[in-house]
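Chain identifiers are assigned alphabetically (A, B, ...) following the order of the sequence lines, protein sequences preceding nucleic acid strands; residue numbering begins at 1 within each chain. The figures here come from the full heavy-atom set of this structure, side chains too, leaving out hydrogens, waters and symmetry mates.
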Number of protein chains: 2
Amino acid sequence: MEVALLRTDDIQTVRSLPLFAEISESHFGALMRAAFLQRFPAQTLLIHEGDQADFLHVIVEGMVEMFSNSDGEETTIGFLEPVSTFILAAVLVEKVYLQSARTLGPSRILMIPAQAIRDVFARDPAFAGSVVRELAERYRDVVRQLKSQKMRSGLERLAAWMLERGIRRGETLEVHIPFEKAKLASFLGMTRESLSRSFAALADHDVMVRGRVITCNRSDALARLARTLGSSDSS
Amino acid sequence: MEVALLRTDDIQTVRSLPLFAEISESHFGALMRAAFLQRFPAQTLLIHEGDQADFLHVIVEGMVEMFSNSDGEETTIGFLEPVSTFILAAVLVEKVYLQSARTLGPSRILMIPAQAIRDVFARDPAFAGSVVRELAERYRDVVRQLKSQKMRSGLERLAAWMLERGIRRGETLEVHIPFEKAKLASFLGMTRESLSRSFAALADHDVMVRGRVITCNRSDALARLARTLGSSDSS
DNA sequence: CGCCGCTTTGAGTCCATTCAATTCCGGTGG
DNA sequence: CCACCGGAATTGAATGGACTCAAAGCGGCG
């Protein structure tokens with residue numbers, strides 16, 4: 001867990017984020033001077049829910065899992081890959097985090113002090129616009145997740161996830177799961193065992209599972225399964 | 001469904017919303033001039049998911065249900081009472097609504113053109129701050145709902161809802177359900193029948209149900225049931 | 001008083017989970 | 001190169017919780 005200086009190309013990467021695309025050069029510079037880049041090993045707890053939100057985190061490299069736990073249970077709320085920010089909402093309202101975050105692999109995380117974000121937000125209208133758009137999209141993501149959870153079956157959620165995340169090669173859909181299947185199950189709101197059985201059930205739809213690589217020769221069949229909520233999936 | 005002029009006291013009511021508390025007088029005036037107040041009977045569809053977000057709605061009087069449906073199913077996502085706004089996110093990103101809205105009783109709704117909101121957002125930093133705080137709180141609400149849905153049982157969700165919504169009189173908790181129980185069930189993510197059985201199960205905890213009025217003499221027992229997620233319920 | 005819609009209750013079914021055991025797979029060391 | 005180890009994933013059997021379907025209460029309102 002070491003603090004490192006920001007490299008020029010890292011800064012360029014961060015700058016390319018929609019969140020920072022329209023910020024003025026001087027304000028961006030102010031943020032970057034206040035920020036620091038840190039390297040974390042896998043399985044590091046970055047954020048603990050209930051703690052005060054002191055930093056906006058930007059994942060520059062690696063992978064992060066957002067999760068929450070109550071009494072023994074733990075549920076995965078989302079996965080983050082470079083380059084994206086997380087926990088923007090808590091930072092803006094100066095409240096505690098509602099979710100925890102951990103690295104799933106060795107990662108480099110840029111941490112920007114919450115106060116700096118709030119300061120620039122107040123002074124840079126263009127940045128304010130980007131912040132609100134980012135936040136609104138996140139809001140919409142969670143609404144979609146909630147609807148999915150309440151209205152779709154586990155099998156349908158799986159099919160929808162595959163379509164959303166897989167890459168299409170003609171009629172063939174190929175999905176690579178970049179983490180343990182148990183985490184995918186938790187994200188989809190089911191047990192490992194149920195996920196496994198769901199994959200088995202999708203054999204009818206020409207779905208083949210080889211480890212973490214899933215292929216489907218008739219993606220339209222999957223799409224019919226997940227058709228639910230289709231109208232709202234326009235991002 | 002008639003369009004009415006804004007009365008002075010209505011404007012004052014709207015102005016008292018956190019969302020408009022810090023806006024400049026002239027910008028607020030601009031919004032109000034572009035807006036109009038409309039009266040709707042019960043069961044009127046105000047917003048249909050999938051449509052373009054043209055207005056920010058402010059509920060001035062009455063009650064509104066947010067919901068969504070996919071293939072035959074319908075699920076309730078939330079209830080709104082005066083004075084609050086809804087669908088701010090869709091308005092800000094110029095996207096389609098992800099949820100539908102209908103009145104549950106005769107209501108008066110103030111409708112502000114989306115473009116006006118976006119214009120003032122860009123020009124009034126104080127308003128921008130209010131918008132982002134409002135949006136962040138809404139985001140956090142949905143995250144709580146999602147966590148609740150994934151980690152709590154139906155019974156626990158019910159107990160938590162009662163504690164959140166009921167008024168405490170000493171050790172006694174009193175909750176009034178201002179709509180059909182079927183809608184509450186849908187909101188909590190269960191069927192009417194399950195909700196009914198859940199209420200019956202709460203008899204062990206000194207919960208009495210008389211129509212839409214629920215009372216509980218030992219609210220601490222309820223709190224223990226819903227203790228789950230307690231750490232994150234700090235709004 | 002009687003109707004109609006909401007709510008409750010009952011019985012049966014189904015789906016997801018739990019618990020337990022086995023298989024699969026990647027990595028390590030002999 | 002192969003045998004072995006441990007965690008992950010799958011499979012099976014049994015349980016249980018929530019849902020569906022159907023019927024009976026209850027309550028408000030004309």
Sub-4.5 Å side-chain heavy-atom contact between B:L46 and B:F86: yes

Side chain to side chain donor-acceptor pair (under 3.5 Å) partners for A:E134, two or more places apart: A:T85, A:R138

Contact list for DNA chain D against residues 175-184 of chain A - heavy-atom distance below 4.0 Å: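 A:E180, A:K181, A:A182, in order of number.
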
Geometric class of the A:H57/A:Y97 ring pair [parallel <30°, tilted 30-60°, perpendicular >60°]: perpendicular

Spacing of A:M162 atom CE and A:S219 atom OG [to the nearest 0.5 Å]: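 Separation between the atoms: 9.5 Å.
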
CZ-CD distance between A:F55 and A:Q38, expressed to the nearest 0.5 angstrom: 8.5 Å

If we ignore hydrogens and angles and just use 3.5 Å, is the side chain of [X] paired with the main-chain N or O of [Y] as donor and acceptor?
X: B:T103; Y: B:T44; value: yes
X: B:K181; Y: B:G211; value: yes
X: B:R218; Y: B:E171; value: no
X: B:T75; Y: B:S68; value: no

Rounded distance in Å - CE (B:M151) to P (C:dT17):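 One finds 15 Å between P of C:dT17 and CE of B:M151, rounded.
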
Rounded interatomic separation in angstrom, taking CZ from A:R210 and C1' from C:dT23: 19 Å

Terminal axes of the helix from C:dC1-D:dG30 to C:dG30-D:dC1 (five pairs each): angle between them, nearest 10 degrees: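 The helix from C:dC1-D:dG30 to C:dG30-D:dC1 shows an end-to-end axis angle of 30°.
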
Salt bridge (Lys or Arg N to Asp or Glu O under 4.0 Å) involving B:E193 - partner list, sequence neighbours excluded: none

Pair A:K147 + B:E49, salt bridge at N-O below 4.0 Å: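 Yes, this pair counts.
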
Pair B:K95 + A:E137: basic N to acidic O under 4.0 Å: yes

CZ (A:R192) with more than 12 external heavy atoms under 6.0 Å: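 12 or below, so no.
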
Interface limits on DNA chain D, where chain A has a heavy atom under 4.0 Å of a nucleotide atom: D:dA8 to D:dA13

Residues in contact with DNA chain C, drawn from residues 191-201 of chain A - heavy-atom cutoff 4.0 Å: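 Residues of residues 191-201 of chain A under 4.0 Å from DNA chain C: A:T191, A:E193, A:S194, A:R197.
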
